[in-house]
Amino acid sequence: MTRTSTWQQILDPSHRADPYSLYKELRKTPVVRVEDGTYVVSTYREIVSLLHDPRLSSDARNLPEVGADVAAQYEEGFPGLPPNFIRTDPPEHDRIRRLLTRNFGPPHRPGRIDSMMSDLLGIVTRLIDDFTGEEGSGRVQVDIVDDFAYPFPVTVICELLGVPREDEPRFQVMSGAVIETADPTTGGIAERQRRRAQAVADLGQYFAQLLDARHGRRGDDLLSGLLSGDGDEAPMSHEGMPREGLSHEEILSNAALLLVAGHETTVNLVTNGMLTLLRHPEVLDRLRRGDEPDLAARVVEELLRYEPPVQFLSSGRNTLDDIEIAGTTIPKGSPVALVLASGSRDPDFVTDPDRFDPDREHNEHLGFGGGIHYCFGAPLARPETQIALTQLAHRLKNPRLVADPPPYRTSPSLRGPRHLLVEIDGVTPA
């Protein structure tokens with residue numbers, strides 16, 4: 001009988017409710033080569049080192065099998081788009097991220113996120129109001145995912161990008177196709193990259209139609225800023241020639257990224273957060289009382305360490321040279337997976353790592369990754385989750401879990417409950 005490896009068990013959906021005991025086993029060997037040739041890194045210091053190592057590439061085209069497949073797609077006239085900025089390396093990564101940031105936040109748009117706070121609260125208020133239906137009282141059962149954690153960030157990212165909220169059923173399918181390609185159980189690296197390219201191309205076509213429809217009618221949204229070239233800098237290209245802003249194709253590719261990443265991860269963060277609070281009623285009670293002004297922020301930081309929505313990074317990361325780490329040499333051209341959720345619970349770095357404790361004095365975590373690819377959307381995800389959890393704590397009367405553990409999504413990398421059924425005795429008026 002063939003023994004199932006720890007990594008295979010982590011990928012197995014039957015272990016989705018609690019992968020952390022498996023991460024503990026994985027950390028016994030900080031760097032391990034698994035069945036498909038990927039080098040899996042699971043300890044905090046080694047992950048941080050690689051997140052800041054320029055020899056670790058985020059461009060999957062550097063992998064021999066992916067590069068050959070991309071070349072074949074080009075010859076076949078495949079309708080692809082250039083990689084988004086999180087799938088590129090400097091200098092391309094730095095150029096694109098800088099131009100996106102100029103339309104998203106500081107220093108060029110310092111008030112964009114702050115100006116959204118009242119809108120975030122308004123969306124959350126309306127969603128919770130709907131929990132009670134027309135009667136406004138009585139025992140009801142709600143699905144925190146379908147009734148709250150999904151529609152909230154979707155509405156926010158649609159408003160930020162300037163995407164019609166009524167298009168959600170249309171882009172949900174395409175977004176799901178992109179997310180599926182991050183799951184290593186759904187195929188080999190080259191085959192998943194090809195599926196991803198097709199899914200992103202489909203999303204890009206959707207955005208192209210949006211952009212055509214708004215010709216001459218641009219607003220204050222992020223897409224309008226990118227279209228108008230707001231903040232373009234004319235940096236140098238690889239050939240040493242000036243390059244003005246983002247190309248049309250780069251706008252489409254990165255808009256697709258922002259739409260997908262802007263809601264999928266926040267859905268899991270809010271849902272994991274509510275599940276964790278219901279499992280720790282003493283923290284939920286503290287949040288409900290509202291007499292600790294910074295508690296919500298500390299709860300979210302601890303959630304990012306304790307139950308992060310992104311469990312590991314892979315999706316094409318590879319080595320540009322031999323890298324020696326923790327006594328293991330990862331050869332040039334090897335795929336690498338960084339298990340962020342394992343690193344954030346590494347007892348060699350975090351005291352009592354399996355305890356949920358928002359009062360930690362020092363809480364350094366990998367919930368938003370690190371290095372040049374530190375989560376672009378972190379300035380929005382933090383207040384979204386703080387507002388969501390605070391309002392749920394304040395307004396839900398006697399919330400209790402219907403099932404624990406709840407059913408989980410199948411993805412091992414983007415981990416969160418598929419449904420989170422909660423019974424309540426009504427809601428407190430806003």
(request) Would you check if Y150 and Q172 make a side-chain contact, meaning some heavy-atom pair closer than 4.5 Å? (result) yes
Contacts satisfying salt bridge (charged side-chain N to carboxylate O under 4.0 Å, His left out) that involve residues 317-335 (not counting sequence neighbours) are none
message: Does either side chain, that of T390 or that of R288, offer a donor lying less than 3.5 Å from an acceptor on the other one?
response: no
Q: Output yes when D202 and R170 qualify as a salt bridge under the 4.0 Å nitrogen-oxygen rule, no when they do not.
A: no
Review point. Within the distance-only criterion (no hydrogens, no angle test), does the side chain of H280 pair as donor or acceptor with the backbone N or O of E282 below 3.5 angstrom?
Key: no
Side-chain heavy-atom pair L421, V142 within 4.5 angstrom cut-off: no
Notebook entry, point to check: Does CD in E364 sit with more than 12 non-hydrogen atoms of other residues, nucleotides or ligands closer than 6.0 Å?
Noted result: no
Check this for me: does any side-chain nitrogen of one of D352 and R345 sit under 4.0 Å from a carboxylate oxygen of the other? no
Point to revise | Ion pair D129/R395, N-O distance below 4.0 Å | key: yes
Electrostatic pair R95:E250 at N-O distance under 4.0 angstrom: yes
Quiz item: For the residue pair Y306 and Y20, does the interplanar ring angle fall in the parallel (under 30°), tilted (30 to 60°) or perpendicular (over 60°) class?
Solution: parallel
Step by step, work out the side chain to side chain donor-acceptor pair (under 3.5 Å) result for E46 and T43. CA-CA 6 Å; E46 284 66 33; T43 45; 2.5 Å; yes
R418 (side chain) donor-acceptor with V145 (main chain) under 3.5 angstrom: no
Query - SB check E292 R298 (cutoff 4.0 Å) - result: yes
* Classify the side-chain pair N62/S57 by whether it contains a donor and acceptor separated by less than 3.5 Å. => yes
Looking just at side-chain N and O atoms, do R192 and T186 make a donor-acceptor pair shorter than 3.5 Å? no
Looking only at side-chain N and O atoms, does D221 offer a donor or acceptor that is under 3.5 Å from a partner on S224? yes
Return yes if a side-chain donor-acceptor contact under 3.5 Å exists between S5 and E35, otherwise no. yes
Closer than 4.0 angstrom, basic N to acidic O: yes or no for E301 and R360? no
- Between W7 and Y23, does the ring centroid distance fall short of 6.0 Å? no
Distance only, no hydrogens: is a donor on one side chain within 3.5 Å (strictly under) of an acceptor on the other, for H93 and S58?
no
Taking D346 first and then K24, would you say they form a salt bridge - that is, a charged N and a carboxylate O separated by under 4.0 Å?
no
Under 3.5 Å donor-acceptor, N363 side chain and P358 backbone: no
Whether N318 side chain and D59 backbone form a donor-acceptor pair below 3.5 Å
yes
